[in-house]
Colleague: 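Structure incoming, see below.
Values in this document were obtained by computation on a predicted structure and should not be read as measured data. What's counted below: heavy atoms across the whole structure, side chains too, no hydrogens, waters or symmetry copies.
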Amino acid sequence: MKNTFKITTLASLVALALSGCGQEAATKNTSMSDKSIPTQEKALTSQDAETFLKEVEKETNQLNQIGARAEWIYQNFITDDTASLASEANQNSTVAAVEFAVEAAKFDDVEVTADQRRKLNILKQSIVIPAPQDTEKAAELAKLGAEMGAMYGKGTYTTQAGEKLSLVAMSSKMSTSRDYDELLELWQGWRDVSPAIKPLYERQVVLANEGASNLGYEDLGQMWRSNYDMPADEFAKELDRLWGQVKPLYDDLHCYVRAELGEHYGAEKVPQDGPIPAHLLGNMWAQQWGNIYDLVAPDNADPGYDVTKQLEVHNYDEIQMVKGAEKFFTSLGFEALPETFWQRSLFTKPEDRDVMCHASAWSLDSQDDIRIKMCIQKTGEEFSTIHHELGHNFYQRAYKAQPVFYQNSANDGFHEAIGDTIALSVTPKYLKEIGLIDEIPDESKDIGLLMKMALDKVAFIPFGLLVDQWRWKVFSGEVAPEDYNKVWWELREKYQGVAAPIDRATDAFDPGAKYHVPANTPYSRYFLAHIQQFEFHRALCEISGNTDPIHRCSIYNNKDAGAKLNEMLEMGSSQPWQQAYKVVTGSEQMDATAIIDYFAPLHSWLKEKNKNRQCGF
């Protein structure tokens, strides 16, 4: 996903380290082995669990702070030395978290309090790729992860014209090119990188399943699905239920986009009765379609203003953009950002050194040392992104009073959802209230704005679902290695209506061409975030007394909405996510009809446009 956040919590210690969203560690500490981990010579008790958890909390606070600072320094001063320090911290945090998880599993059959059980489960589930207890296998698993990451990161393609391109360069070309053959070459070229990853991935699945088994799970997929305060099988069913609510809107968007692409490329290249060729949607993985807005934009869709130009007209610099986003939160009743935020954050790209410019939000001490790291460009898109990143920061600070075990979002979809919920309030109404535009466009301009958003938000939802659907089948053994690619494309066609533009070789490994697969980053969180953000937005708009259609609503300056939002954020992960959800939405069950409500004008427009078309795939 485009925007990530930095968060230092026990529950995400290893998950974030492996995904590149955080590395929290310190010099390896052996005190757990020496004095506080209960032995198996006597029956374990609730008091043993309490002693263990207190020691874990103490050590985790140390790990988090030292490791977060090492990673911050590395990303802001990229040298061989800072990279080495961050890598060492990451390795040590992984060792510690594995140790904590294995010891927590020893309490599975011990009668403990509900709070202790929740903390123990969080410890067990904090590891994305659990290592086998055999030291040689554990080392092999770590090596496999590093090798796959390096192979993906170093992947390049040399075009027929002799130009050597990185993934970033290829993605950039695909976002703007409208040449069918060039797009096909780039799409195919990147997928030449991943077949070499496949045998490593196969072995990793075997080892990670063994590690999951040691923690009491049938396989790694069950372990991942168990992290949502409901039975693992019920979670999978819940995702399909939510997808069923969104599918009618997606189907009409797909039908319209396919027809417009057919007009541009010809029906012989984009058949009007089947899936869309995957290379024509402006994105290397066809996961978001916003880059082809120019091909599918409604007539007369220009809203009459350009936020980028308005920022220039009003002389906004990078700091003023952040100050403006901060004002959104203070208008809701949140306390202003601490002075250290302004002293320690990175807002612009330094001229004297290399830094990682990817937008991210950080909590370095799990208290008030919150920061963002961005090389801010003075654009409307970046202005919205700043609101998103500060959403993470205010969430981090809201749950700072929780024990370290609970200093995390209610489930792994919440953090991204909160950032995006705030960004949904960056509407023309909000822009007028803060003086960036003079007039709110009339409703006739809404279709273009909604189309632009749907091409990214709605188009992503089935992709967000199918990545883990594929992996769960792989982890369970339902899909054998020789069928990895075949089943991948069956799921792509089933959920997205997107197909490989050419026949794929039997040894292809197209799932490995998506970063999150070789990096083993769970993907259901992104699906959840896309569902949750619209329901949070709808609920907060209702709390605020909004009378506009929800796509025009902004909760800016509404203390009632702010108070209810903060009440949910302060809970962290201390309660099942359903309890946190109920605080804002009034329900313990997610409801994707908020997306249907938000895009209602666009959906009606799409249905009219598709009247004489053959839809479906």
Colleague: Determine yes or no for a side-chain-to-main-chain donor-acceptor pair under 3.5 angstrom, with E326 supplying the side chain and V322 the backbone.
Modeller: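 Pair absent, no side-chain N/O of E326 close to backbone of V322.
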Colleague: Tell me, do F405 and L123 make a side-chain contact under 4.5 Å, heavy atoms counted?
Modeller: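 A side-chain contact under 4.5 Å exists here.
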Colleague: Taking C-beta and beyond as the side chain, do Q287 and K514 meet within less than 4.5 Å on heavy atoms?
Modeller: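 Yes, their side chains come closer than 4.5 Å.
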Colleague: Taking the six-membered ring where the residue is Trp, are the ring centres of F107 and F52 under 6.0 Å apart?
Modeller: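 Centroid separation for F107 and F52: below 6.0 Å.
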Colleague: Distance-only, no hydrogens or angles: does the H388 side chain make a donor-acceptor pair with backbone N or O of S384 under 3.5 Å?
Modeller: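 Here the side-chain-to-backbone pair does not exist.
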Colleague: Side chains of H603 and Y598: does their closest heavy-atom pair fall under 4.5 Å?
Modeller: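 In short, these two side chains do not touch, never coming nearer than 4.5 Å.
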Colleague: Do K373 and N76 have side chains that approach each other closer than 4.5 Å (heavy atoms only, starting at C-beta)?
Modeller: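 When only atoms from C-beta onward are counted, N76 and K373 do touch, with a gap below 4.5 Å.
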Colleague: Is there a salt bridge (charged side-chain N to carboxylate O under 4.0 Å, His left out) between D591 and R241? Walk through the geometry before answering.
Modeller: CA-CA 9 Å; D591 181 8; R241 181 188 68 82; 5.5 Å; no
Colleague: Does the D240 side chain pair with the main chain of W243, one donor and one acceptor, at a distance under 3.5 Å?
Modeller: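 No; zero donor-acceptor contacts below 3.5 Å.
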Colleague: Within the 3.5 Å criterion, strictly below it, is a donor on N520 or Q204 matched to an acceptor on the partner's side chain?
Modeller: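 There is such a pair (donor and acceptor under 3.5 Å, judged by atom type) between the side chains of N520 and Q204.
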Colleague: To check you understand the geometry: which heavy-atom pair defines the closest contact between E57 and V404, and what is its length?
Modeller: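 The pair with the smallest heavy-atom distance is OE2-N, 3.2 Å.
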Colleague: Would you please say whether a donor-acceptor pair under 3.5 Å links the side chains of T593 and R538?
Modeller: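 The answer is yes; a qualifying pair exists.
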Colleague: With rounding to the nearest 0.5 angstrom, report the CG to CH2 distance, L466 to W472.
Modeller: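 Result: 11.0 Å between the selected atoms.
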Colleague: Before giving the answer on side-chain contact (heavy atoms from CB on, under 4.5 Å), spell out for L141 and I129 the whole-Å C-alpha distance, their side-chain angles and the decisive distance to 0.1 Å.
Modeller: CA-CA 9 Å; L141 183 65; I129 300 294; 3.6 Å; yes
Colleague: Which atom pair, heavy atoms only, marks the closest approach of A417 to Q533?
Modeller: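 Scanning both residues completely, I find the closest heavy atoms to be O-CB, 3.6 Å.
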Colleague: According to the interplanar angle, ranging from 0 to 90°, do the rings of F334 and F329 count as parallel (below 30°), tilted (30 to 60°) or perpendicular (above 60°)?
Modeller: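 Ring orientation, 0 to 90° scale: perpendicular.
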Colleague: May I ask you to decide whether D560 forms a salt bridge with K564, counting only side-chain N to carboxylate O separations under 4.0 Å?
Modeller: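 No salt bridge links D560 with K564.
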Colleague: Side chains of D115 and K119, heavy atoms from C-beta outward: is any pair under 4.5 Å?
Modeller: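 Side chain of D115 against side chain of K119, heavy atoms only: contact under 4.5 Å found.
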Colleague: Could you state the interatomic distance from CD1 (I386) to CD (E318), rounded to the nearest 0.5 Å?
Modeller: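 Output value for this atom pair is 8.5 Å.
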Colleague: Any non-hydrogen side-chain atom of R69 less than 4.5 Å from a side-chain atom of L364?
Modeller: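 Yes, side chains in contact.
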Colleague: Within the 4.5 Å heavy-atom criterion, are L449 and T427 side-chain neighbours or not?
Modeller: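 Result no, sub-4.5 Å side-chain heavy-atom pair not found.
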Colleague: What pair of heavy atoms forms the shortest contact from S363 to Q367, and how long is it?
Modeller: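 So the minimum-distance heavy-atom pair works out to OG-N, 4.2 Å.
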Colleague: Fit a plane to each ring of Y250 and W289, take the angle between them on a 0 to 90° scale, and name the class: parallel (under 30°), tilted (30 to 60°) or perpendicular (over 60°).
Modeller: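 Y250 and W289: tilted rings.
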Colleague: Please list all pairs meeting disulfide (SG to SG under 2.5 Å) that have one or both residues in residues 511-564, counting only residues at least two apart or in different chains.
Modeller: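 Matches after skipping sequence neighbours: C541-C553.
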Colleague: So, the side chain of E389 versus the backbone of I372: is there a donor-acceptor pair under 3.5 Å, distance only?
Modeller: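 No, the answer is negative, given that no donor and acceptor are paired below the 3.5 Å cut-off.
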Colleague: Are there over 12 heavy-atom neighbours, none belonging to K494, within less than 6.0 Å of that residue's NZ?
Modeller: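 Open.
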Colleague: Before giving the answer on side-chain contact (heavy atoms from CB on, under 4.5 Å), spell out for I376 and M321 the whole-Å C-alpha distance, their side-chain angles and the decisive distance to 0.1 Å.
Modeller: CA-CA 9 Å; I376 297 173; M321 290 171 70; 4.0 Å; yes
Colleague: Using ring centroids (six-membered ring only for Trp), state whether H387 and F383 fall under 6.0 Å.
Modeller: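 So the answer is yes for these two rings.
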Colleague: Return yes if some donor-acceptor pair links the side-chain N/O of Y152 with the main-chain N/O of Y515 below 3.5 Å, else return no.
Modeller: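 Yes.
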Colleague: Side-chain contact, heavy-atom cut-off 4.5 Å: L53 with Q116?
Modeller: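 Counting from C-beta outward, L53 and Q116 do come under 4.5 Å.
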Colleague: Under a 3.5 Å distance rule, please check whether S544 uses its side chain to pair with a backbone N or O of I555 as donor and acceptor.
Modeller: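 Answer holds: no.
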Colleague: Strictly by modelled atom types, are Q589 and Q578 linked by a side-chain donor-acceptor pair under 3.5 Å?
Modeller: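 No.
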Colleague: Less than 4.0 Å between a side-chain N and a carboxylate O, is that true for R471 and D219?
Modeller: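 Answer for the salt bridge query: no.
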Colleague: Applying side-chain contact (heavy atoms from CB on, under 4.5 Å) to L337 and F394, what does each step give before you reach the verdict?
Modeller: CA-CA 8 Å; L337 292 165; F394 281 92; 3.7 Å; yes
Colleague: Centre of W342's six-membered ring, under 6.0 Å away, within 45 degrees of the axis: is that where NZ or CZ of K323 sits?
Modeller: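 Yes, cation above the ring, under 6.0 Å and within 45°.
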Colleague: Which pairs count as side chain to side chain donor-acceptor pair (under 3.5 Å) when at least one residue sits in residues 546-556, sequence neighbours excluded?
Modeller: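 Applying side chain to side chain donor-acceptor pair (under 3.5 Å) to every pair that reaches into residues 546-556, excluding sequence neighbours, yields K429-D548, D446-H551, D446-R552.
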Colleague: Check R371 with D369, please: is the shortest side-chain N to carboxylate O separation under 4.0 Å?
Modeller: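 Looking at R371 together with D369, the answer is yes, because their closest N to O distance falls below 4.0 Å.
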Colleague: When rounded to the nearest 0.5 angstrom, what is the spacing between OG in S425 and CG in D420?
Modeller: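 Reported to 0.5 Å precision, the distance equals 12.0 Å.
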Colleague: Just verifying a value: how many Å separate S573 OG and Q402 CD, rounded to the nearest 0.5 Å?
Modeller: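 The CD atom of Q402 is 7.5 Å from OG of S573, to the nearest 0.5 Å.
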Colleague: Report yes or no: does H392 contribute a side-chain atom to a donor-acceptor pair with the main-chain N or O of H415 at less than 3.5 Å?
Modeller: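 Checked: pair present.
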Colleague: Which residue, W285, F463, Y523, W470, forms the ring pair (Phe, Tyr, Trp, His ring centres under 6.0 Å) with H516?
Modeller: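 Answer after filtering W285, F463, Y523, W470: Y523.
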Colleague: For E335, does its backbone N or O pair with a side-chain atom of R397 as donor and acceptor, under 3.5 Å?
Modeller: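 Present.
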Colleague: Between D412 and Y228, do the side chains contain a donor N or O and an acceptor N or O under 3.5 Å apart?
Modeller: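 Checked: Y228/D412 side chains pair up, N/O donor to acceptor below 3.5 Å.
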Colleague: Where does the angle between the aromatic ring planes of Y581 and F536 fall among parallel (under 30°), tilted (30 to 60°) and perpendicular (over 60°)?
Modeller: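 Geometry flag for F536 against Y581: tilted rings.
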Colleague: Does the ring centre of F328 sit less than 6.0 Å away from the ring centre of Y430?
Modeller: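 For Y430 and F328, the ring centres are under 6.0 Å apart.
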Colleague: Compute whether any side-chain donor of one residue and acceptor of the other, for N557 and E433, lie under 3.5 angstrom apart.
Modeller: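 Per modelled atom types, N557 and E433 side chains form no pair under 3.5 Å.
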Colleague: How about Y399 and Y406: are their ring centroids closer than 6.0 Å?
Modeller: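 For Y399 and Y406, the ring centres are not under 6.0 Å apart.
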Colleague: Can you tell me how far CE of M223 sits from CG of N209, rounded to the nearest 0.5 angstrom?
Modeller: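 With rounding to 0.5 Å, CG (N209) is 11.0 Å from CE (M223).
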Colleague: Between F414 and Y395, is the gap from one ring center to the other below 6.0 Å?
Modeller: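 No, ring centres 6.0 Å or more apart.
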Colleague: Check this for me, if you would: do R225 and D468 make a salt bridge, where the nitrogen-to-carboxylate-oxygen distance has to be below 4.0 angstrom?
Modeller: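 Salt bridge: no.
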Colleague: Does atom NZ of K400 have more than 12 heavy-atom neighbours from other groups under 6.0 Å away?
Modeller: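 Counting neighbours around NZ of K400, more than 12 heavy atoms of other residues, nucleotides or ligands fall under 6.0 Å, so yes.
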Colleague: Rounded to the nearest 0.5 Å, how far does CD of Q532 lie from CD1 of I595?
Modeller: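 It is 10.5 Å, given to the nearest 0.5 Å.
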Colleague: Considering all heavy atoms of both residues, which atom of A561 and which atom of L540 are nearest to each other, and what is their separation?
Modeller: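 Closest pair (atom of A561, atom of L540, distance): O-CD2, 3.6 Å.
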Colleague: Scan side-chain atoms only and decide if Q288 and K457 contain a donor-acceptor pair under the 3.5 Å cut-off.
Modeller: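 Looking only at side-chain atoms, K457 and Q288 do not form any donor-acceptor pair under 3.5 Å.
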Colleague: For a quick test of reading the model, state the closest non-hydrogen atom pair linking I127 to A101 and the distance between them.
Modeller: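 The answer is CD1-CB, 3.2 Å.
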Colleague: Would the F460 and F527 ring centres measure less than 6.0 Å apart?
Modeller: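 Between F460 and F527, the centre distance exceeds or equals 6.0 Å.
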Colleague: Ignoring hydrogens, what is the shortest heavy-atom contact between V355 and C375? Give both atom names and the distance.
Modeller: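 Smallest heavy-atom distance, with atoms named: CG2-SG, 3.9 Å.
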Colleague: For the pair H537 (side chain) and I550 (backbone), establish whether a donor and an acceptor sit closer than 3.5 Å, ignoring hydrogens and angles.
Modeller: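 The answer is yes, because a donor-acceptor pair under 3.5 Å joins these two groups.
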Colleague: Sorted by first residue and then second, give each disulfide (SG to SG under 2.5 Å) pair with at least one member in residues 557-593; sequence neighbours left out.
Modeller: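 Counting only pairs at least two positions apart or across chains, no disulfide (SG to SG under 2.5 Å) contact touches residues 557-593.
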